[in-house]
2 protein chains.
Amino acid sequence: MKQRPTIKDVAKRAKVSLSTVSLVINNKGYVSQSTREKVERVIRELGYHPTRSARDLALRKSGNIGFILTNDHFTQSEPFYTKIFLGAEFEAQKHDYYILLTTVEKKFDSLNSIPRFLKEQNVDGVLIAGQVSIELIAYISSMNIPIVLIDYDVENHKHSTVLMNNYRGTQLAVEHLLELGHKEIGFLGGDLDHPSIYQRYLGYKDSLDNAGIIIKDSWISAKEPDTKQQDGYNAARAFLNNGESLPTAIIAANDAMAIGCLRHFTEAGIKVPDDISLIGFDNIERSYHVKPPLTTIDVNKFEMGETAVRTLTETIINGNGYVNHIKIPVTLIVRESTDKNVDHHIKKRTHHK
Amino acid sequence: MKQRPTIKDVAKRAKVSLSTVSLVINNKGYVSQSTREKVERVIRELGYHPTRSARDLALRKSGNIGFILTNDHFTQSEPFYTKIFLGAEFEAQKHDYYILLTTVEKKFDSLNSIPRFLKEQNVDGVLIAGQVSIELIAYISSMNIPIVLIDYDVENHKHSTVLMNNYRGTQLAVEHLLELGHKEIGFLGGDLDHPSIYQRYLGYKDSLDNAGIIIKDSWISAKEPDTKQQDGYNAARAFLNNGESLPTAIIAANDAMAIGCLRHFTEAGIKVPDDISLIGFDNIERSYHVKPPLTTIDVNKFEMGETAVRTLTETIINGNGYVNHIKIPVTLIVRESTDKNVDHHIKKRTHHK
DNA sequence: GCAGTTTATCGAAGCGCTTCGATAATTTCG
DNA sequence: CGAAATTATCGAAGCGCTTCGATAAACTGC
């Protein structure tokens, strides 16, 4: 196996010094036209290409960016972060970066939670997707490595973030329902401590406020501990048992909860959308296959990944301190779980049975 | 920003030479218990960790493995290679490798098709998923870089391969149909030149042969140029118009074709599985949502990725020449598109109308 | 008790590249 | 026309690590 040529071979063959070759490769300093051409010719002849690790060592950088997420994401059925990752991967390729992927435990453990690529100084910047421990973020931050957070917002706004426009999402949902003639619109949330969910709640609340509608407490459910299907199911039951009349439409914090809610409604004989309209959020695969298909809010995950990489490379170039908060637009997907508010008095009777 | 400690700092502080520290880190050569402990203590105190690029340069390796696929895969809706990639990613993590992903054009172009990580000598081995140009494979091979092919088999068996057991898949399908009492079993294939499809065809043919059933030409369709849904649709039409009676069951080369076939049958008033049973292959997402849900053959894609990485790391360690051909097992997923062969004479009448 | 091993440590060279001066040749222009 | 600035090239040092001898001390065993 014959060795690949090094910069030395190029220099020898072109009868110039190592440094000159380096200058040509990097388009730096002063090199006369003639020697530049000579060197370039030799490079072509030899099929030379600089070796990554040598260059990295000399430049004290890596050409990689790290992608961190908690290890439960990939095992989830919904490929949310997978799509973000792919978007990032493609954008990174454009900027001549490679992405090193790693997963970490949800809870921080200073021994094991530090991704290897950080210890090895093998990344120039880091993408963090979803809710990782703030200790880890702080640790990376303390190493002075640029960070971009995706779909997760920490309180201090020290790092750039790429979020979906949660607020705008529920706003769209409310607008859609208002157009359909609904006035009594509920919100089925889970854990309001989660920033995204809270934003969705706010978008809902503000929109109704602006429409001059006074929200009744009984329209809102936010007692469930999480935002999974089961929580939606439970929340739906709570709705039915609170002694108050149901709103004519419900916006769920996400599709999973909406689907759980839908299931309970179906069991309880409440028809969606005839008796009540229902909107989800996230546009997960299943929201399309459920009966009836869910009206929901979609965000382009691929674009989130792309944008994150673009932001990160800019931070790498411009140095830290460059902070950017980007909201990726969302769109309303109208399917069959929402319908006109025909006559809500009939409905009240229906679900009081 | 204070510099991270280097091996030099460790040496100084531990009052030993650079080389001794290196020996300790790598567990090599002779080091007395006492100095070993001393060095290890200092390493801990300083929070030292060797830097990747320096080590790579010295060792002339990279600690990365490349993952190549053609650029159309990720744009396809079916996340087939995505799952393989994730399997590979996780397994790589266990072996302390990072995966560098890249896509290449289907047709080889010596200028642009060479992945950057190859030019930069930035990978110790390469995973190739799907049908990439043989020129590229030959090129990589000529650089003496270990290769493992996934879901693609080139003629010369110079490289390790990880394939799904296509042959076994259609064998399972035939067994299933035989148990249901079918004797007239057709095969709806596309491009038989594709090795995977051909293996599926062989599994079908051999199984019927072994069962003592003589296959009629009219049961087999293999004239379509590709294996997409439209090809299945067209093939189904050809089946109906060939003047012969239909078999009582059909095995399609893949789910896409099966779904196309199903669509045409539905349009033609032929009921699946009442009039004819139908089996797909691949277990794509849609095969589950179609009416009726498709009986099909599933393979664990994640496992394919894992196995490929395991094979590759072994080749990297043991040197080339270590060649392994692995077939990942498949399983039959019985859903609603197959049923007992009740009375096929009635059926014949049905579809002759 | 001494030649031959084994164990322990270290200095120096080397991996392939970048970059900082130093030197020299060429150009500018007051 | 000569001092200063610009252009061109190169040698050497350095990036942080591994590894090959060299050297020396500590054991073998006869």
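Reminder, nothing fancy here: chain letters follow the sequence lines and each chain counts from 1.
Within the structure, a side-chain polar atom (N or O) of Ser32(A) is placed less than 4.0 Å from OP1 or OP2 of dT9(D). For Thr35(B), a side-chain nitrogen or oxygen approaches OP1 or OP2 of dT9(C) to under 4.0 Å. Side-chain N/O atoms of Tyr30(A) include none lying less than 4.0 angstrom from OP1 or OP2 on dA8(D). OP1 or OP2 of dT18(D) sits under 4.0 Å from a side-chain N or O of Arg55(B).
The Leu23(A) side chain lies nearest to dT19(C) when the options are dT18(D), dT18(C), dT19(C). Side-chain proximity of Leu57(A) to the nucleotides dT18(C), dC15(D), dC17(D) is greatest for dC15(D). Across dT18(D), dG16(D), dG14(D), the shortest atom-to-atom separation from the side chain of Ala58(A) is found for dG14(D).
The minimum heavy-atom distance between Tyr97(B) and Arg116(A), with the atom names listed, is N-NH2, 3.5 Å. Residues Tyr152(A) and Leu163(A) come closest through the heavy atom pair N-CD2, 3.4 Å.
Distance NZ (Lys28(B)) to C1' (dT7(C)): 18 Å, rounded to an integer number of Å. Look at CD1 on Ile7(B): it is 18 Å from P on dG14(D), rounded to the nearest Å. Separating the CG atom of Asn27(A) from the P atom of dT19(C) is a distance of 13 Å, rounded to the nearest angstrom. Spacing between atom CG of Asn26(A) and atom P of dC17(C) amounts to 11 Å, rounded to whole angstrom units. Between Glu120(B) atom CD and dG16(C) atom P there is a gap of 15 Å when expressed in whole angstrom units. The CG-C1' distance, from Asn122(B) to dC17(C), rounds to 14 Å in whole Å. Counting to the nearest Å, the C1' atom of dC17(D) and the CZ atom of Arg4(B) are 14 Å from each other. Per the geometry, CZ belonging to Arg52(B) stands 12 Å off P belonging to dT18(D), to the nearest Å.
Side-chain atoms of Arg41(A) never come within 3.5 Å of backbone atoms of Ala14(A) as a donor-acceptor pair (strictly under, hydrogens ignored). Between the side chain of Asn165(A) and the main chain of Lys327(A), no donor-acceptor pair closer than 3.5 Å is present. Side-chain atoms of Arg310(B) never come within 3.5 Å of backbone atoms of Glu91(B) as a donor-acceptor pair (strictly under, hydrogens ignored).
Both Gln33(A) and His49(B) lie near DNA chain D, and the one whose nearest nucleotide falls closer to the 5' end is Gln33(A). Position along DNA chain C of the nearest nucleotide to Ser34(B) versus Arg60(B) favours Ser34(B) as the more 5'-ward residue.
Rounding to the nearest 0.5 Å places OG of Ser141(B) at 12.0 Å from CD1 of Ile134(B). In this structure, OG1 in Thr6(A) is found 7.5 Å from CG in Leu18(A), a value given to the nearest 0.5 Å.
Backbone-only engagement by Leu59(B) is indicated by non-hydrogen atom pairs under 4.0 Å involving sugar-phosphate atoms exclusively. Residue-level contact check: Asp56(A) touches neither bases nor backbone, having no heavy atom under 4.0 Å from any strand. Within 4.0 Å of Ser22(B), counting heavy atoms only, lies at least one base atom of the nucleic acid. Using a 4.0 Å heavy-atom criterion, one finds that Ser53(A) contacts no nucleic acid atom at all.
Using cut-offs of 30° and 60° on the angle between ring planes, the pair Phe67(B) and Phe85(B) is perpendicular.
The closest side-chain donor-acceptor pair between Ser62(B) and Asp124(B) falls under 3.5 angstrom. The closest side-chain donor-acceptor pair between Glu37(B) and Gln33(B) falls under 3.5 angstrom.
From one end of the helix from dG1(C)-dC30(D) to dG30(C)-dC1(D) to the other, with five pairs defining each end axis, the axis direction shifts by 30° (rounded to 10°).
For residues 8-20 of chain B, proximity to DNA chain D is found at Ser19(B), defined as any non-hydrogen atom under 4.0 angstrom from a strand atom.
Among Val126(A), Ile99(A), Val123(A), the one residue that satisfies the side chain to side chain contact (heavy atoms under 4.5 Å, CB included) test with Ile65(A) is Ile99(A).
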